[in-house]
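Input: a single structure, listed below in structure tokens.
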Number of protein chains: 2
Amino acid sequence: MSKPPSVRDVAAAAGVSIASVSRVLNRSGYVSEQARTRVEQAVRDTGYAPNFSAKHLRTGRSKAVGLMVSNMANPFLATFFAATERCLQDAGFSLLVSSTYDDPNREQELLTLFESRRLEGVIAFPAQEGVPRSRNPFALCKLPLVVVDREVDCHGDAVFQDHRTGVRLAVDYLCALGHRRIALFGPSLGIRPGREKLLGYKDALAQRGVELDERLVCMLKSAVDSPEEQMDRMLRLHEPPTALVALGTRILSGALRAARRTGRRVPSDLSVIGIGTENAFALADPALTTLRFNIDQAAQAAAQLMLERLGGTSGPRRSVTVPLDLVLGESCGAPVHRR
Amino acid sequence: MSKPPSVRDVAAAAGVSIASVSRVLNRSGYVSEQARTRVEQAVRDTGYAPNFSAKHLRTGRSKAVGLMVSNMANPFLATFFAATERCLQDAGFSLLVSSTYDDPNREQELLTLFESRRLEGVIAFPAQEGVPRSRNPFALCKLPLVVVDREVDCHGDAVFQDHRTGVRLAVDYLCALGHRRIALFGPSLGIRPGREKLLGYKDALAQRGVELDERLVCMLKSAVDSPEEQMDRMLRLHEPPTALVALGTRILSGALRAARRTGRRVPSDLSVIGIGTENAFALADPALTTLRFNIDQAAQAAAQLMLERLGGTSGPRRSVTVPLDLVLGESCGAPVHRR
DNA sequence: TGCGGAAGGGCCCTCCTCTCG
DNA sequence: TCGAGAGGAGGGCCCTTCCGC
């Protein structure tokens with residue numbers, strides 16, 4: 001457990017001053033060819049690795065960015081992380097990641113930790129929207145910030161996914177197949193993705209002249225809400241839905257379970273559209289028609305915005321919107337009228 | 001963009017010396033009640049957050065651990081990460097995570113980065129086994145190390161999943177249902193999980209007195225290998241398999257596609273067992289009988305081993321083995337003889 | 001031009017001093 | 001007079017960079 005070598009050790013081994021070692025390592029200033037080779041040899045001999053913390057203290061740059069998500073077990077977030085890392089590592093940045101489990105206290109703590117570690121910026125999926133600026137840790141945080149898929153009143157740049165257009169396309173597709181009774185299941189209206197999805201649903205119905213039936217809409221309020229029970233309820237309506245747009249993985253499997261219990265088959269009795277990452281539905285049979293996230297695009301946009309800020313770009317908030325794609329499978333067909 | 005406040009600023013604001021500020025913050029030494037409250041107030045007023053890098057430089061502890069995985073988009077690894085983080089954060093450690101995409105060069109670079117950042121330890125899923133010690137970056141790395149699910153010749157502690165017993169249980173279950181022709185699809189034999197799985201398969205067959213037919217075994221060599229084609233081949237055998245053990249998500253969906261093309265139904269014509277995390281197969285219909293990873297257990301074991309080493313435990317390598325559970329669904333039944 | 005000396009960045013901790021009972 | 005509690009001064013962790021030879 002001996003201490004790792006420092007510049008001093010390298011300088012001694014190479015027979016030069018520590019200043020020269022630093023010059024060689026950072027390729028700055030004038031160094032003779034001879035000194036350079038001796039230093040390089042000494043670095044290898046001693047197994048020297050420069051101490052990032054000391055460097056940080058001196059230069060003021062930690063070369064690290066924080067990523068704050070609700071839960072890394074969520075495949076969307078995990079994939080987003082992987083893609084973000086790929087973008088940032090070429091610029092020499094490391095990524096410190098942490099899950100908040102949507103706990104505002106944890107968000108607060110984490111931002112404090114990020115500030116303590118003097119990270120250079122933060123990319124975040126905040127848990128809440130509508131928190132007044134004065135009590136909003138994100139607004140209070142002075143670090144460069146990129147907020148993804150949330151409307152938060154703060155200085156940060158923003159990346160949005162175009163849930164609204166995505167859902168509009170999906171519902172429009174079902175209308176085109178002849179459906180008029182289309183059930184919508186989605187996440188909470190408390191955050192942007194849920195609100196935008198509902199808007200997209202309404203857009204499509206309005207455009208097609210289909211009347212909105214509130215009984216076919218279920219935007220879940222908590223993780224405890226049961227999509228299965230809600231679907232049960234809808235299927236017992238006088239005019240039950242002939243199509244299902246289920247905008248969440250857990251939501252979809254719950255709703256489908258209810259549908260199966262009534263003996264309905266996909267797509268003959270019920271057309272179904274889901275949402276997710278590329279691999280989420282590999283097992284579905286028949287292949288599921290899906291709204292697909294463009295995760296790489298979103299992550300690249302976030303990383304790009306961050307890198308530009310870190311590079312010194314100033315100016316007002318910017319925002320980037322990334323589309324959702326409708327990928328056709330075999331889970332949708334024309335509606336059949338039952339009695 | 002003014003510089004963040006330092007202990008000096010806090011000391012000035014509180015009207016005490018720097019040493020007293022430090023004593024309050026680290027609750028060490030004697031501080032009067034009055035001084036304490038003044039310092040605490042000054043910390044709030046100035047928005048002071050101690051500089052981790054400076055602290056690290058001074059104390060020699062970075063309070064951070066590295067995690068190296070092949071690809072965070074893999075749900076198993078993402079869930080493992082989340083669980084590891086939960087264990088380490090209570091002890092005040094941050095986690096620096098990175099994906100290597102199974103590139104040994106990247107592994108090497110990453111270990112160098114971890115050493116530069118003076119991380120206190122590394123938890124890793126190395127890409128390769130059998131690399132001689134002298135050229136193995138993990139053996140050469142001097143940091144405390146925990147290796148997960150790989151047999152690597154190095155000083156690190158180890159966490160293993162008991163693939164062998166898990167697969168033995170799964171195959172034995174199929175044998176008990178009457179199956180004798182059981183197809184096995186698995187990952188490469190190049191790393192431990194693949195080897196152990198094959199051993200478990202052989203264990204069960206031997207125990208049940210079923211002869212091993214090599215034509216029913218397909219351990220994929222690369223991500224390009226097509227499980228679909230291999231399953232096709234098996235289904236054209238004179239005595240095709242009546243059951244399928246597919247030990248990978250992509251593997252399973254490929255093999256199932258081939259089976260469906262021949263008109264086989266699950267479980268009447270083909271019994272199926274998969275492997276994965278809790279949520280992986282929520283959509284499968286019928287519910288899939290699954291070998292389930294105990295990810296939390298594995299992550300806790302890895303974190304625990306690491307924390308003990310960081311706490312100063314010395315001594316020889318230790319290893320922990322975590323079981324896989326067989327979770328019954330409705331995808332298995334008695335075999336039907338076709339002609 | 002090429003090199004070395006030295007300062008300084010934020011923090012912790014080891015001394016040391018001072019005060020009061 | 002002495003000892004215990006409280007706080008101040010300063011060195012050094014490792015690195016970069018400004019100066020000056």
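Convention: sequence-line order gives letters A, B, ...; per-chain numbering from 1. Keep in mind that this is a model prediction, so the values were computed, not measured.
Regarding contacts with the backbone of dC11(C), a side-chain N or O of Y48(B) is found under 4.0 angstrom from either OP1 or OP2. The phosphate of dC3(C) (OP1 or OP2) has a side-chain N or O of S32(A) nearer than 4.0 angstrom. Using a 4.0 Å cut-off, no side-chain N or O of N51(B) falls inside it from OP1 or OP2 of dG9(C).
At whole-Å resolution of the value, CD in Q34(A) and C1' in dC3(C) are 12 Å apart. Note: CZ (R8(A)) to P (dG5(C)) measures 12 Å, nearest angstrom. Spacing between atom CD1 of I18(B) and atom C1' of dT14(C) amounts to 15 Å, rounded to whole angstrom units. At whole-Å resolution of the value, CZ in R61(A) and C1' in dT16(D) are 15 Å apart. Counting to the nearest Å, the C1' atom of dG9(C) and the CG atom of D9(B) are 13 Å from each other. R118(A) has its CZ atom 14 Å from the P atom of dG9(C), to the nearest Å.
Each of dC11(C), dT1(C), dC15(D) was ranked by its minimum atom distance to the side chain of V7(B); first place goes to dC11(C). Of the candidate nucleotides dT16(D), dC14(D), dC11(C), dC14(D) has the atom nearest to the side chain of A54(A). Taking the side chain of K55(B) as heavy atoms from C-beta on, and the options dC11(C), dA9(D), dT16(D), the nearest nucleotide is dC11(C). For A35(B), counting side-chain heavy atoms from C-beta on, the closest listed nucleotide (dC14(D), dC11(C), dG7(D)) is dG7(D). Listed candidates were dT1(C), dC11(C), dG4(C). Nearest to the side chain of R23(A) is dG4(C). Listed candidates were dC3(C), dC15(D), dG4(C). Nearest to the side chain of V31(A) is dC3(C).
Judged purely by distance below 3.5 Å, without hydrogens or angles, the side chains of D296(B) and Q300(B) never pair a donor atom with an acceptor atom.
Of the two residues contacting DNA chain D, namely L57(B) and S20(B), the nearest-nucleotide position lying further toward the 5' end is that of S20(B).
Here the OG1-CD distance, from T112(A) to E115(A), works out to 6.0 Å after rounding to the nearest 0.5 Å. Atom CD of E129(B) and atom CZ of F138(B) lie 11.5 Å apart (nearest 0.5 Å). Note: S62(B) OG to F52(A) CZ = 12.5 Å, rounded to the nearest 0.5 Å.
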**OP:** Apply salt bridge (charged side-chain N to carboxylate O under 4.0 Å, His left out) to E107(A) and R150(A), showing your working.
**Re:** CA-CA 15 Å; E107(A) 289 188 334; R150(A) 301 285 185 278; over 6 Å; no

